[in-house]
J.: 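Please find one structure pasted underneath; my questions will follow.
Counting starts at 1 for both ligands and their atoms, following the listed order.
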Amino acid sequence: MGVTAKLLKLYLVDQKLNGLKSRLRAAERYLAQQDAELEQLTTKHASLDGQLRQIQASMHNDETEIKTLDDRIATNRERMNNAATSKEHAALLTEINTLKADRAIIEERVLEMVNKSDSLTDEVKRVDDELEERKKVRKIAKSDRDAREKEIGEKVSELEDERNEALKDVPGPALAQYNGLSETAMEDDEVMAPVNEEDRRNKEYTCGSCYTLLPVEQVNVLLNRGVIQVCPSCSVILYIEQDLRESIETAMEKKKAKAAKA
Ligand SMILES: [Zn+2]
């Protein structure tokens with residue numbers, strides 16, 4: 001077996017592995033997205049909750065203050081009713097009015113806080129509902145990911161054994177070249193591609209990945225199972241599919257036989 005054929009064996013296993021793993025990767029990406037959204041909602045929830053608690057504490061303080069003012073007003077009113085002089089009566093009345101004015105300011109503030117607290121409560125509830133929904137979606141995403149992992153697990157380990165077997169045959173430099181291409185390749189990029197026969201008579205062969213016309217010398221090297229050939233345009237490692245090889249070899253033999261007869 002030529003070095004290209006050995007690499008091809010490895011490549012075919014790698015393609016199957018990538019196909020399996022890409023389905024898992026998609027599920028993993030989706031799960032990570034759900035986790036991120038959950039985290040964002042949880043942070044939002046905590047922040048709203050904090051604001052709500054702060055407002056409720058302020059409201060509680062103000063209500064205590066109103067109660068204190070009410071007590072003072074009541075006490076002053078009692079003293080006013082029992083006032084000995086009109087001057088004392090007037091002074092107490094002034095103080096009551098001041099206390100009432102203070103109370104009104106605080107009451108208005110409480111009213112504003114009640115509104116704010118109501119709208120915060122609504123918002124917290126909304127985020128709560130959203131969190132519940134998101135948790136359900138996340139749960140499905142998680143079980144989907146786990147199912148896929150389980151589903152491909154056995155197949156992946158089988159293929160990894162197959163890959164290790166294929167690796168044993170590949171010479172070091174060829175493997176290094178293959179690994180280099182695999183590392184820089186994007187998810188859908190090809191690392192190896194078949195040679196396409198466009199026109200045998202005119203010796204026109206193209207790269208199966210980028211359709212660039214290949215020098216016929218490259219095709220000859222591949223037919224003779226020589227060193228690795230790389231497409232001059234897109235750099236994939238080229239190979240000749242078995243059917244094409246057989247067809248070319250048969251044609252060449254026929255030609256030879258004809259020439260021998262003549
Ligand atoms: Zn190419």
Side-chain angles (χ1 to χ4, degrees), residues 1-30 32 148-149 151-152 155-259:
M1 205 191 316
V3 62
T4 300
K6 289 172 183 168
L7 269 184
L8 184 59
K9 210 167 125 191
L10 179 65
Y11 180 57
L12 294 177
V13 176
D14 277 349
Q15 271 188 317
K16 282 189 211 158
L17 270 172
N18 280 339
L20 283 176
K21 285 179 180 170
S22 79
R23 268 187 293 163
L24 178 61
R25 275 198 295 270
E28 270 171 349
R29 271 199 296 270
Y30 186 64
R148 286 198 200 186
E149 190 176 49
E151 186 185 289
I152 71 167
K155 192 77 192 142
V156 164
S157 79
E158 257 171 48
L159 283 169
E160 268 161 3
D161 289 346
E162 216 176 293
R163 187 177 200 278
N164 287 334
E165 274 308 305
L167 265 181
K168 282 182 194 161
D169 292 334
V170 182
L175 185 62
Q177 196 171 355
Y178 175 83
N179 285 341
L181 279 170
S182 302
E183 275 160 28
T184 52
M186 306 297 275
E187 209 162 314
D188 294 327
D189 281 356
E190 288 162 286
V191 173
M192 294 187 77
V195 169
N196 290 334
E197 186 177 59
E198 306 295 342
D199 184 336
R200 187 172 298 173
R201 186 188 286 268
N202 291 313
K203 297 188 163 60
E204 279 176 20
Y205 295 90
T206 56
C207 164
S209 178
C210 72
Y211 307 106
T212 297
L213 196 64
L214 298 168
V216 73
E217 293 76 24
Q218 281 199 301
V219 180
N220 286 334
V221 173
L222 287 175
L223 284 172
N224 293 324
R225 298 188 168 89
V227 292
I228 289 175
Q229 295 299 309
V230 167
C231 169
S233 174
C234 72
S235 300
V236 297
I237 298 172
L238 297 163
Y239 62 90
I240 292 186
E241 275 169 323
Q242 196 53 34
D243 286 353
L244 179 60
R245 173 184 292 280
E246 277 166 14
S247 148
I248 292 174
E249 281 171 356
T250 312
M252 272 174 10
E253 270 158 31
K254 271 188 193 159
K255 221 170 166 185
K256 256 188 223 161
K258 216 172 160 187

J.: Tell me if a side-chain donor or acceptor on Ser247 pairs with a main-chain N or O of Asp243 at a distance below 3.5 Å.
T.: no
J.: Measuring from Leu20:CG to Arg25:CZ, what's the distance to the nearest 0.5 Å?
T.: 10.5 Å
J.: Against Leu238, only a single residue in Thr4, Leu214, Val230 fulfils side chain to side chain contact (heavy atoms under 4.5 Å, CB included); can you say which?
T.: Leu214
J.: Would you list the protein N, O or S atoms within less than 2.8 Å of the Zn ion (ligand 1), leaving out water?
T.: Cys207 SG, Cys210 SG, Cys231 SG, Cys234 SG
J.: Looking at side-chain heavy atoms only, is the closest gap between Glu158 and Asp161 below 4.5 Å?
T.: no
J.: Would you call Lys256 and Glu253 a salt bridge, taking side-chain N to carboxylate O under 4.0 Å as the test?
T.: no
J.: Keeping Tyr239 on the side-chain end and Met192 on the backbone end, is there a donor-acceptor pair under 3.5 Å?
T.: no
